[in-house]
Amino acid sequence: MADHVLDNPIWESLRSRHRDLAIRSGDVARYPAQVAPFLGVAADGVDVGAALAQLVPPDDTVLLLGVTPAVAEGWRLDKLAMLAQMECPQHMAEVEGPPILELGEAHRQDVLELTALVYPHYFRPHTMDLGRYFGIYQDGRLAAIIGERMGMDEFQEISAVCTHPDFNGRGYARHLLAWLSNDVLDRGRTPFLHVAHENHRAKQLYERGGYRDRRDIGFWSLRRAAPL
């Protein structure tokens, strides 16, 4: 069993803040495919038995963080990367910028178009159901967004920090990151996030704002193995 809830963030989120979204079978749970591609297990090496066959259809691939199951023949578990898991225990310095708008159903298509351009693979049609999302509009266009993804009672993941290429260099990501991180802290929770070590620009953005490495965490994909 993980020593800390952030060591097994998908499972802990699905059994707490997102339990109403969870599709669960025993010690395995996942988000609906239209919400997020994530699956969690209760502990490393747990025998998932028939749960995977029930939760992961043949044409689907799910993603895991940190904790992985023991998979039987017919399944393929691949390590994709070691990500930096970072947290921000103290308020960030405020960053001036344009007004920040809370995004809702009326903005969903704009969000999907932006994420498809600069944040593919992880953002689904109903990812916005996971939490609050915020954005900056300029000249009638969605220029940048940020949102809340996985969460537990004491922690909130910050995600989807992205800017349209036409608006890069204006400090919108710093503005959104500082605003939402401080708001999460004001609500009594600690913001955290995940970033690839190779994404130097993003990692430096988070470090400059006050995020600190908590640990490296394994990022995995799981799918049915191709028949021989």
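One-based numbering along the sequence shown. Everything quoted here is computed from the prediction, not taken from an experiment.
- Between the side chain of Asp183 and the main chain of Trp179, no donor-acceptor pair closer than 3.5 Å is present.
- Taking the six-membered ring wherever Trp is involved, the centroid distance between the rings of His4 and Phe155 falls below 6.0 Å.
- The side-chain contact (heavy atoms from CB on, under 4.5 Å) test applied to Arg17 returns Asp153, Arg189, not counting sequence neighbours.
- The side-chain hydrogen bond (donor to acceptor under 3.5 Å, both in side chains) pairs that include a residue from residues 91-101 are His91-Asp186, where partners are two or more places apart or lie in different chains.
- Results of the side chain to side chain donor-acceptor pair (under 3.5 Å) test with Arg132 over Gln156, Glu102, Glu148 single out Glu148 as the only residue that passes.
- The heavy-atom pair separating Arg214 from Asp7 by the smallest distance is NH1-OD1, 2.9 Å.
- Contact detail for Trp11 and Gly40: the closest heavy-atom pair is CE3-O, 3.6 Å.
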Practice item. Check the pair His194 / Phe192 against ring-ring contact (aromatic ring centres under 6.0 Å, His included), numbers first and verdict last. Key: CA-CA 7 Å; His194 298 96; Phe192 72 102; 5.6 Å; yes

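- Under a 3.5 Å cut-off, the side chain of Thr163 and the backbone N or O of Ala144 do not form any donor-acceptor pair.
- Look at Asp110 and Arg108 and you find no salt bridge, because none of the NZ, NE, NH1 or NH2 atoms lies under 4.0 Å from a carboxylate O.
- Side-chain contact between Val41 and Asp27 is absent, with no heavy-atom pair separated by less than 4.5 Å.
- Contact detail for Gln34 and Arg124: the closest heavy-atom pair is O-CB, 3.1 Å.
- Under a 3.5 Å cut-off, the side chain of Thr115 and the backbone N or O of Leu112 do form a donor-acceptor pair.
- Closest approach of Asp213 to Ala84, counting heavy atoms only: OD1-CB, 4.0 Å.
- Residue pairs meeting the side-chain hydrogen bond (donor to acceptor under 3.5 Å, both in side chains) criterion with at least one member in residues 49-71, sequence neighbours excluded: Ser25-Gln54, Arg30-Asp60.
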Point to revise | Steps toward side chain to side chain donor-acceptor pair (under 3.5 Å) verdict (Arg215, Gln85) | key: CA-CA 5 Å; Arg215 59 162 290 186; Gln85 184 182 77; 5.1 Å; no

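- Considering every non-hydrogen atom in both Ala160 and Tyr133, the closest pair reads CB-CE2, 4.1 Å.
- Between Leu177 and Tyr211, some side-chain heavy-atom pair lies under the 4.5 Å cut-off.
- Side-chain atoms of Arg24 come within 3.5 Å of backbone atoms of Gly26 as a donor-acceptor pair (strictly under, hydrogens ignored).
- The backbone N or O of Gly171 sits nowhere less than 3.5 Å from a side-chain atom of Arg174 that would complete a donor-acceptor pair.
- Ala173 and Val161 make their closest contact through CB-CG1, 4.1 Å (heavy atoms, listed as atom of the first residue, atom of the second, distance).
- The aromatic rings of Phe38 and Tyr31 lie perpendicular to each other, with more than 60° between the two planes, well past the 30° mark.
- Although no hydrogens or angles enter the test, the distance criterion places no donor-acceptor pair under 3.5 Å between the side chain of Thr127 and the main chain of Phe123.
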Practice item. For the pair Tyr122 and Ser159, evaluate side chain to side chain donor-acceptor pair (under 3.5 Å) and give the outcome as yes or no after the intermediate values. Key: CA-CA 10 Å; Tyr122 309 123; Ser159 183; over 6 Å; no

